[in-house]
Structure formats: structure tokens, C-alpha cells
Amino acid sequence: MILADKKILLGVTGSIAAYKAILILRQLKSAGADVTVMMTASAKRFVTPLTFKVLSNKEVYSDLFGQEEGLPHLSLLEGCDLILIAPATANFINKMASGIADDLLSSLLLSARVPILVAPAMDSDMWKNPIVQKGISILRETGIRIIEPESGLLASGKEGEGRLASEDGIFEEVCRRLNIKRDLAGKVIIVTAGPTREPVDPVRFLSNRSSGKMGYAIAIAARDRGARVILISGITNLPKPEKVEFISAPTTHEMREAVLRHLPEASILIMAAAVADYRPKKPNLKKLKRSGSSLSIEMEETEDILEEIGKRNTKTILVGFAAETDEVINNAVMKLRKKNLDLIVANDITLEGGGFESDTNIAVIIDREGSVQELPLMHKRDLAQIILERVMALKERDTANT
Ligand code: CTP
């Protein structure tokens with residue numbers, strides 16, 4: 001969660017684009033930021049404070065002299081890392097430019113000593129108005145960063161410049177201003193996650209205890225670092241992460257198909273899925289009935305997706321996982337060699353805090369050169385970041401060698 005320890009104040013002013021602030025809030029929250037929303041009186045005419053309150057899980061502030069105790073325009077700034085005004089109306093921009101402080105948000109801005117980002121949204125004629133442009137210049141001169149509005153269909157029905165920048169664009173700027181790494185921008189990464197299910201009959205299947213948490217954490221971390229992420233997932237109980245391309249692949253066969261289909265687009269493949277090694281050779285077309293005696297099911301080996309791709313020696317960086325119960329490092333090194341991987345992340349599933357359903361993991365990362373990085377118990381979110389750091393180090397080395 002790249003914004004995990006960041007405190008952001010989101011100021012919403014009275015534009016028709018105020019509803020987009022809801023999406024911006026969600027994106028900041030899902031990257032882990034602690035977001036407090038402040039609204040001007042006219043913003044409340046467009047979206048209710050309750051919406052922001054529920055989504056931010058925090059009080060929404062708007063009144064300089066109202067419900068809040070003490071001096072909210074000062075206390076809200078404590079520990080704040082960044083202020084984002086989105087959308088910013090022409091009226092609000094001009095107020096900021098002339099230092100007017102007649103409500104909570106404008107007063108707070110005069111005291112703020114943290115980076116301020118302003119994302120204007122208005123009709124194109126208003127945006128082009130020399131007074132507004134003068135205001136924008138003044139804000140720029142004082143170090144405030146303007147997230148340029150886009151061209152397109154406006155609320156008036158006309159085409160022109162003045163649409164609020166895209167949520168992704170605004171998120172990028174927030175990250176840039178906070179010096180957050182977006183080192184995977186422009187990269188396409190495939191992540192597989194969760195267990196596969198191999199049908200026995202129309203109601204039963206063979207599967208394993210993988211929760212998918214590790215793969216989903218990697219997908220989210222890669223997305224937040226700017227990658228286009230294709231998440232190919234077995235059936236899990238986890239919510240679909242936002243802003244990743246999600247492909248459901250319940251069986252090994254379906255997972256293989258999906259991975260091979262998207263492989264040409266990707267420069268990185270991380271196979272965190274717990275793929276079945278065997279499947280019933282002939283799944284029964286009808287439900288198996290109890291017969292009063294023992295039952296044998298003939299099994300056949302599944303395709304080894306990673307081995308097949310490793311043998312092709314593609315340019316894609318290949319990362320595998322090895323969940324082991326013994327001889328962790330030896331087994332992992334063998335898999336890395338056999339499947340021709342760049343990295344393998346191994347863990348001993350018998351250790352407390354290192355198992356399948358856990359939120360944490362105790363992993364060892366081994367690379368082609370045989371270097372072994374033993375990591376302590378940590379949240380899967382943090383492990384995801386370390387894995388991506390290692391992948392990026394490989395990519396940089398590859399680029400330097402070409
Ligand atoms: N894997 C795969 N296709 C399979 C099985 C595994 O792509 N049919 C991938 C997994 O996603 C993982 C890596 O290979 O990244 C190692 O998986 P694992 O099940 O630990 O290894 P196996 O080679 O199946 O060996 P084992 O006999 O220990 O199960």
C-alpha cells in the first residue's frame with residue numbers, strides 16, 4: 001500500500017465534477033492513505049457530506065465556526081502530508097490567488113506548509129478567462145502545483161478544455177508530489193493468484209488451501225507502482241482489486257490458457273497461484289453416487305505452466321513461488337533451475353505466520369545466481385513490495401546489459 005502512512009486532506013469545491021472526488025477518495029484510500037475530506041458550502045449542493053463520511057470513514061469538515069472543536073483550520077493540518085483540491089472551481093482558484101480566507105478550506109490553505117495540488121474543473125470559457133489564468137499563474141508562482149484540466153465533453157454539452165483531470169492522472173500527481181515510486185509505470189505485469197480447482201464431477205472438485213492473498217497483494221502493489229496489471233485468479237474469497245484487469249481462471253487448464261494469451265504483452269510474470277499438479281483424468285459427467293465401497297479416482301498430471309514458459313526462454317521476467325514443508329531452500333533452488341526462473345519466493349508453510357491463509361509470510365527469495373535473501377515474518381503487503389523491488393533490480397540489470 002504505497003500511501004500507507006500518508007495523511008492527505010482532500011478539498012472538494014462546488015463543481016459538477018464534485019462527484020469525481022468520490023472516485024479520487026476511493027483510489028487514495030485503496031492505496032492506504034488516511035484521507036480527510038473538507039467541503040465548501042457549494043460542494044455540498046452537489047454531493048452530500050455523508051457520502052464522503054462513509055467512504056473516508058471520517059468526519060467531513062466544512063464549517064470554520066461550526067461543530068468542530070478548537071481551530072479546525074489549524075488542527076486538521078497536524079501530520080498532514082499533502083493537500084489536494086479536486087475539483088477546484090474558478091471561484092475557489094481566484095479566492096486562493098488573492099488570499100481570501102472566508103471558509104474553512106480557504107483559511108486552512110493560508111496556514112498550510114505542505115505541498116498543495118489543485119485540479120481545476122470548469123467550463124472552457126471560464127478556464128480561458130484571463131482572470132482565471134492570472135489566478136492559476138499566481139498559484140504556480142507560490143509553488144502550488146496545477147493538475148491541468150483535460151479537453152472533452154463538458155457539463156454544458158460543449159466540447160472544450162476544462163474537464164477535471166482523470167482520477168489516474170490525479171493519483172499519479174499525488175504520488176509524484178509525495179515522492180512515491182511509480183517505477184512500474186508503462187510495464188505490463190501478469191500475476192496469478194489463488195488455488196486452482198479440478199472437477200471430480202459437476203458438484204465436487206479437488207483444490208488446495210491457497211487464499212490468494214499473496215498474489216492479490218502483489219497485484220495491488222504493482223498497480224500502485226504504476227503497472228498495468230493482469231490478475232489471473234483461481235476462485236478466492238477476496239474482493240476484486242480495483243483498476244486491475246481481472247481474469248477468472250478456476251482450473252489449471254483455464255489458467256494456462258489465460259497466461260499464454262496475455263504473455264506476449266507482459267514483461268513480468270509472477271506465478272503466485274497454487275496450481276494443481278494433478279487432476280481427475282475423466283471428471284464424471286454426472287454426480288458420483290455413494291456406492292458402499294471405496295472409490296478410486298484416476299488422476300493425470302496437469303500442465304506445468306511456469307515450466308512450459310521457462311523452457312521458451314522468453315524475455316519476460318519469471319517469478320515462481322514454492323510453498324514447502326521441508327528442505328525449503330533446496331527444493332526451491334531445484335524448481336528455479338527446472339523451470340528456468342529469474343526469482344523464486346519460497347516459504348515453509350509449517351511455520352507459524354507463514355501459511356496459506358495467513359496475512360503474513362516468512363519467505364526466502366532466491367535468484368538465478370543462487371543468492372538467498374532470508375526475510376523475517378512480515379505482512380504479505382510488505383513482502384509484495386520487496387518482491388517487486390527485486391524484479392525491478394533485475395529489469396534494471398537487464399537494461400544495463402543490453
Ligand atoms: N506451477 C505452475 N503450473 C503447475 C504447478 C505449479 O505454473 N502445474 C507454478 C506455481 O504457480 C509456482 C511454481 O510453479 O509458482 C512452483 O509450484 P509448486 O506447486 O511449488 O511446484 P511443483 O513444480 O508443482 O512441485 P511440487 O511437486 O513441490 O508441487
Side-chain angles (χ1 to χ4, degrees), residues 189-199 205-219 222 229-236 247-263 266 268-281 299-314 316-351 354-357 361-368 380 383-384 386-388 390-391 394:
I189 161 164
I190 300 176
V191 182
T192 67
T196 57
R197 287 179 175 183
E198 304 304 335
F205 54 80
L206 294 170
S207 191
N208 59 65
R209 287 173 49 203
S210 167
S211 63
K213 286 179 182 169
M214 190 66 244
Y216 278 54
I218 295 170
V229 178
I230 303 171
L231 173 60
I232 301 174
S233 175
I235 309 286
T236 73
I247 300 171
S248 176
T251 64
T252 303
H253 181 72
E254 287 163 302
M255 189 167 279
R256 175 180 173 274
E257 297 278 292
V259 172
L260 293 182
R261 191 165 61 246
H262 289 281
L263 194 63
I268 302 161
L269 167 64
I270 303 187
M271 286 283 305
V275 187
D277 289 321
Y278 289 90
R279 68 179 150 231
K281 193 167 180 185
M299 307 279 277
E300 64 178 9
E301 270 199 330
T302 56
E303 310 88 339
D304 191 317
I305 307 169
L306 208 41
E307 188 172 340
E308 184 180 338
I309 294 168
K311 278 190 181 141
R312 294 183 186 183
N313 249 333
T314 60
T316 312
I317 291 203
L318 301 180
V319 181
F321 274 73
E324 306 290 343
T325 51
D326 52 273
E327 294 277 338
V328 177
I329 294 181
N330 284 345
N331 281 329
V333 170
M334 266 159 37
K335 283 178 193 176
L336 176 128
R337 303 254 176 269
K338 186 167 162 231
K339 304 192 186 202
N340 195 17
L341 308 179
D342 295 285
L343 284 183
I344 191 153
V345 184
N347 66 309
D348 183 341
I349 49 171
T350 63
L351 296 179
F356 271 133
E357 284 119 1
N361 208 342
I362 308 167
V364 184
I365 304 182
I366 305 165
D367 68 15
R368 271 178 180 288
K380 285 180 175 168
L383 179 57
I386 294 178
I387 295 168
L388 293 176
R390 295 291 307 265
V391 168
L394 288 178

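We use all heavy atoms of the structure for the numbers below, so side chains are in, but hydrogens, waters and symmetry mates are not. We count ligands from 1, going down the list as the structure has it; atoms in each ligand are counted the same way.
Atom CZ of Arg209 has 12 or fewer heavy atoms from other residues, nucleotides or ligands within 6.0 Å.
The CG atom of Leu269 sits 8.0 Å away from atom CD1 of Ile232, with the distance rounded to the nearest 0.5 Å. In this structure, CG in Asp348 is found 11.0 Å from CD in Glu327, a value given to the nearest 0.5 Å. Between the CG atom of Leu263 and the CG atom of Leu318 there is a distance of 7.5 Å, given to the nearest 0.5 Å.
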Please determine whether side chain to side chain contact (heavy atoms under 4.5 Å, CB included) holds for the pair Ile270 and Leu388, giving the CA-CA distance in whole Å, both sets of side-chain angles, and the decisive distance to 0.1 Å. CA-CA 10 Å; Ile270 303 187; Leu388 293 176; 4.1 Å; yes
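Within the 4.0 Å heavy-atom criterion, the part of Lys335 lying near ligand 1 is the side chain and not the backbone. Only the backbone of Ala276 comes within 4.0 Å of ligand 1, judged by heavy-atom distances.
In summary, the atoms of ligand 1 found under 4.0 Å from a heavy atom of Gly320, numbered by their order in the structure, are 15 (O). In the vicinity of Asp277, heavy-atom distances shorter than 4.0 Å reach the ligand 1 atoms 5 (C), 24 (O), 26 (P), 29 (O). Every atom of ligand 1 is numbered from 1 in the order shown, and the set under 4.0 Å from a heavy atom of Thr302 is 8 (N). The ligand atoms of ligand 1 that sit less than 4.0 angstrom from a heavy atom of Glu303 are 3 (N), 4 (C), 8 (N). Contact atoms of ligand 1 toward Leu306: 2 (C), 7 (O), 9 (C), 13 (C), 14 (O), 15 (O) (distance under 4.0 Å to a heavy atom of the residue). Each of the following atoms of ligand 1 lies closer than 4.0 Å to a heavy atom of Ala273: 10 (C), 11 (O).
Between Thr196 and Ser207, the shortest heavy-atom contact is O-OG, 2.9 Å.
Only one option out of Glu303, Glu301, Glu254 pairs with Arg279 in a salt bridge (charged side-chain N to carboxylate O under 4.0 Å, His left out); it is Glu303. In summary, of the residues considered (Lys339, Lys335, Met334, Arg368), a side-chain contact (heavy atoms from CB on, under 4.5 Å) with Ile344 occurs for Lys335 alone.
Counting protein heavy atoms only, atom 23 (O) of ligand 1 is closest to Lys339 NZ, 2.7 Å. In this structure, atom 12 (C) of ligand 1 lies nearest to the protein heavy atom Phe321 O, 3.1 Å. The nearest heavy-atom contact from the protein to atom 2 (C) of ligand 1 is Asp304 OD1, 3.4 Å.
For the pair Met271 and ligand 1, the shortest N or O to N or O distance falls below 3.5 Å. For a threshold of 3.5 Å applied to N or O pairs, the pair formed by Ile305 and ligand 1 contains at least one separation below that value.
At least one donor-acceptor pair closer than 3.5 Å links the side chain of Thr302 to the backbone N or O of Asp277.
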